[in-house]
Amino acid sequence: MDNKFFKYLPPWLRDPDPDQWLLTDNYLVLDFEGTNLEKGSALVDDNRILLACWRYKGVSKAVWGDVHDMGDLLADIEEADLVVAHNAKFELQWLKRAGARLQDMLTYDTMLGEYVLYGNQKVPLNLGAIASRYGLGGKEAFVDKMMRAGVCPSMLPRSLLLDRCRKDVLQTEEIFLQQRQVLKDTDRLKTVFTRNILTAPLADIEFNGMCLSADRVREEYNDAVKRTTEIGRKLDEMAGGINLNSPVQLGEFVYGTLEFEELKSKRGEPLRTPSGGRKTDSDTLSALKAKTKQQKEFVSLWSEYNKLTSALSKNLEFFKGVVEESEGGIFHGQFNQAVTATHRLSASGRPIKFEMFKKKKSVQFQNMPRAYKRLFKSRNDGWLVGEADGGQLEFRVAGFLGADKAAVDAIADKFDVHTFTSETLTANGEPTGRQDAKAHTFKPLYGGQSGTKAQQAYYQAFKARYPGITSWQENNKREVLRTKQLRIPSGLIFYWPDTKLRDDYITNSTSICNYPVQSFATADIIPIAIASLWHIMKRADMQSFIVNTVHDSTIMELHPDEVEPIGEISGFSFTDYVYFYLEEVYDVKFFVNLAAGYKVGEHWSEGEEIVFEKYPKHKLEDLIHEESTSKVEVPQGHRGTVRRRTMVQRN
DNA sequence: GGAGACTGCGCC
DNA sequence: AAATGGCGCAGTCTCC
């Protein structure tokens, strides 16, 4: 590939051939046992390794000791082409502490293998449960019981721990061998390959954590506390004594004392919570018709109070604790690779007990309020914070998956989709500005169809405007109705075994519309981009580093001299490299523009955004034209073998 | 006193 | 009868 950054990629990303890398015999299977704070995470300084067991070239080895005793292991790993482990991110983090270079390691994770095999179906993914499913026996009962009860492995008899660790390695190897055969047979080695190339980047990123600006946090926190006290006092005068955090008490006050009318559905029935309670969320309360002066005053006070208290309890108190009590104002999060139905990442916080607050608190990295992004800075003086993201990614992916000429052209011509929404809503009797229209623009992508008259008119207009996307969605629903499953171009298969036709409506329609788009965009394309970006930064020995990723974006702390090159590398990774990888690994000729946004400032989310817009070498028209003669595949939901579809009919 | 259901809310 | 997806965390409340 003709690009100056390409040479910095590791071999498996320069030549991304899943068969070559995952079907190798030169693999090493690894398991660590260690002390058990926070499940034994290497991110906890006070944890240590007790024992490493591994198998390499048919030989089982074991070493007692901590990270400084792992020389033999590191030597074997250096020689191996693939490191196999269950929940490999955990092992990689220990290897990093032992001094290994994660950028030189490709992993195969048996947890991810099982995750891919089950698609969106939730099954237990711990090693014992998987081993049982493969007929390998579960965990040894006694040791497992002790460990589940919280007994630290350092207190267990050595012989028992050794047995356990050895057994885990043997089971992991056997599961690996069986899984990769099934994955190969069902053409999903490529899917699991993409999941695995992100493991080393994530293992590394989790060590970094994010850094708060003490000044900004203190200011924000003090303001919020002050304002909450003021409003709280006024609300107390009105509502005297009730707990506003209790939906039941708040409901009684709003609908009983204040005599608000409950919102009603079109059929005239009150809109309630799933179990029949009166709704008290902020959208509902602000939609209530306030007539009396008291009603109006309450709604406006409550709305601000609710925002503030939830910001305080979910974020600001935690941030305040971090800047006052944690080294360097830094806190860490955790990425979960095998949780979501669509295979994108989820994130959890790492609970911290601050002296200034009674309860342990934690904040996850994926739902930081936008208004508080400005509280984050770099830990190094003079450095900056940068964010790279995949511009308009899900719409572009939908345009691709639906092979939609109108969508492809709209994207290439930089057509303003939200203005179209705003105009359509306005023309149908609901004057709506561009900003407010945004909320509706892509709702049809997720299967949305209900709403006000004007909204429904817009959804119809969307369907008419993008007939490729629309018919693709319809075909998918029909296919799931027939076969109960759907395969997307990554190879991932989604299963909806309970799908039925009910009064002309195919159940699960909304998921069937949404999963392929969400998955291909944020479980394939973004991981590919981040793997590229992370490797190039590492292997080009840059000082800047990645600190977070949120579905379609990644956040970095940037050395001032590296701001420009990392912009270019981001542009390459989110576009050119994605085109390359999709074609090499998935045989996908991606014919829609991809774009990378890049924003740099002293704090997160500050600064002007630069956009790298890249035109792909493949054109939809050419693919349609070639259709009859070549082996071109247009993306679609299909199972097993490739089924061609005549594109020309659709437009 | 802890677990889990329920409700609500933040992000993409 | 209704129908926009995916998450994790905090607070309340019930139940054991």
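Computed from a predicted model, the values in this text were never measured in an experiment. Hydrogens, waters and symmetry mates are skipped; everything else that's a heavy atom, side chains included, is used. Proteins get letters first, then strands, A, B, ... in listed order; numbering begins at 1 in each.
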(request) Report the distance from atom OH of A/Tyr305 to atom P of B/dC9, rounded to the nearest whole Å. (result) 14 Å
(request) Measure from NZ or CZ of A/Lys359 to the centre of the six-membered ring of A/Phe357, then state whether that distance is under 6.0 Å and the direction lies within 45° of the axis. (result) no
(request) Determine the contact category for A/Lys360: base if any of its heavy atoms lies under 4.0 Å from a base atom, sugar-phosphate if only primed atoms, P, OP1 or OP2 are that close, otherwise nothing. (result) nothing
(message) Tell me whether the side-chain N or O atoms of A/Asn245 pair up with the base of C/dG11 as donor and acceptor below 3.5 Å, since no angle test is needed here.
(response) no
(message) Check this one for me: any side-chain N or O of A/Ser450 less than 4.0 Å away from OP1 or OP2 of C/dT4?
(response) yes
(request) Measure the shortest side-chain to side-chain distance between A/Ile546 and A/Ile555 over non-hydrogen atoms and say whether it is less than 4.5 angstrom. (result) no
(message) When you measure from the side-chain N and O atoms of A/Thr510 to the phosphate of C/dG5, is any distance below 4.0 Å, counting only OP1 and OP2?
(response) yes
(request) Report the distance from atom CG of A/Leu445 to atom C1' of B/dC12, rounded to the nearest whole Å. (result) 14 Å
(message) Can you tell me which nucleotide in B/dC9, C/dG6, B/dT7 comes closest to the side chain of A/Ser275?
(response) B/dT7
(message) With a 4.0 Å limit, can you tell me whether A/Arg502 has a side-chain N or O closer than that to the phosphate oxygens OP1/OP2 of C/dA2?
(response) no
(message) Nearest to the A/Gln249 side chain among B/dG10, B/dT7, C/dC13, which nucleotide is it?
(response) C/dC13
(request) Pick out which of A/Arg218, A/Glu220, A/Arg216, A/Met368 makes a side-chain contact (heavy atoms from CB on, under 4.5 Å) with A/Phe319. (result) A/Met368
(message) At 4.0 Å (heavy atoms only), tell me whether A/Gln449 reaches a base, stays on the sugar-phosphate, or touches nothing.
(response) sugar-phosphate
(message) Let's see if you can work this out: which of B/dT7, C/dC7, B/dG10 has an atom nearest to the side-chain heavy atoms of A/Thr280?
(response) B/dT7
(message) Taking 4.0 Å as the cut-off, does a side-chain nitrogen or oxygen of A/Lys438 come that near to OP1 or OP2 on B/dC12?
(response) no
(message) Any base atoms under 4.0 Å from A/Asn315, or only sugar-phosphate, or nothing? Heavy atoms, all strands.
(response) nothing
(request) Compare the minimum distances between each of C/dC9, C/dG6, C/dT4 and the side chain of A/Ser348, then state the nucleotide with the smallest one. (result) C/dC9
(message) Counting only side-chain heavy atoms from C-beta out, which of C/dC7, B/dC11, C/dG8 sits nearest to A/Asn336?
(response) C/dG8
(message) Counting distance alone, no hydrogens or angles: does the base of B/dC12 have a donor or acceptor under 3.5 Å from a partner atom on the side chain of A/Arg344?
(response) yes
(request) Between C/dC7, B/dC9, C/dG5, spot the one nearest the side chain of A/Tyr515, thanks. (result) C/dG5
(request) Check every atom of B/dT7, B/dC9, C/dT4 against the side chain of A/Trp302 and return the nucleotide holding the closest atom. (result) B/dC9
(request) Counting heavy atoms from C-beta on, name the nucleotide in C/dT4, C/dG8, C/dG6 closest to the side chain of A/Ser511. (result) C/dG6
(message) I want to confirm an ordering. Mapping A/Lys359 and A/Ala341 to their closest nucleotides on DNA chain C, which one lands closer to the 5' end?
(response) A/Ala341
(request) Please determine if A/Glu304 and A/Lys307 form a salt bridge, counting it only when a charged side-chain N lies under 4.0 Å from a carboxylate O. (result) no
(request) Would you mind telling me which of C/dG8, C/dG6, B/dC12 lies closest to the side-chain atoms of A/Lys314? (result) C/dG8
(message) Closest approach to the side chain of A/Val339, judged atom by atom: which nucleotide of B/dG10, C/dC7, C/dA1 is it?
(response) C/dC7
(message) For a quick check of understanding: with a heavy-atom distance under 4.0 Å over all strands, which category does A/Lys122 fall into, base, sugar-phosphate or nothing?
(response) sugar-phosphate
(request) Tell me, with the steps shown, if A/Met238 and A/Leu301 meet side-chain contact (heavy atoms from CB on, under 4.5 Å). (result) CA-CA 10 Å; A/Met238 293 184 79; A/Leu301 283 176; 4.2 Å; yes
(message) I'd like to know if A/Glu613 and A/Arg396 make a salt bridge, using a cut-off of under 4.0 Å between side-chain N and carboxylate O.
(response) yes
(message) Measure CZ/A/Phe335 against C1'/C/dG6 and give the value in whole Å, please.
(response) 16 Å
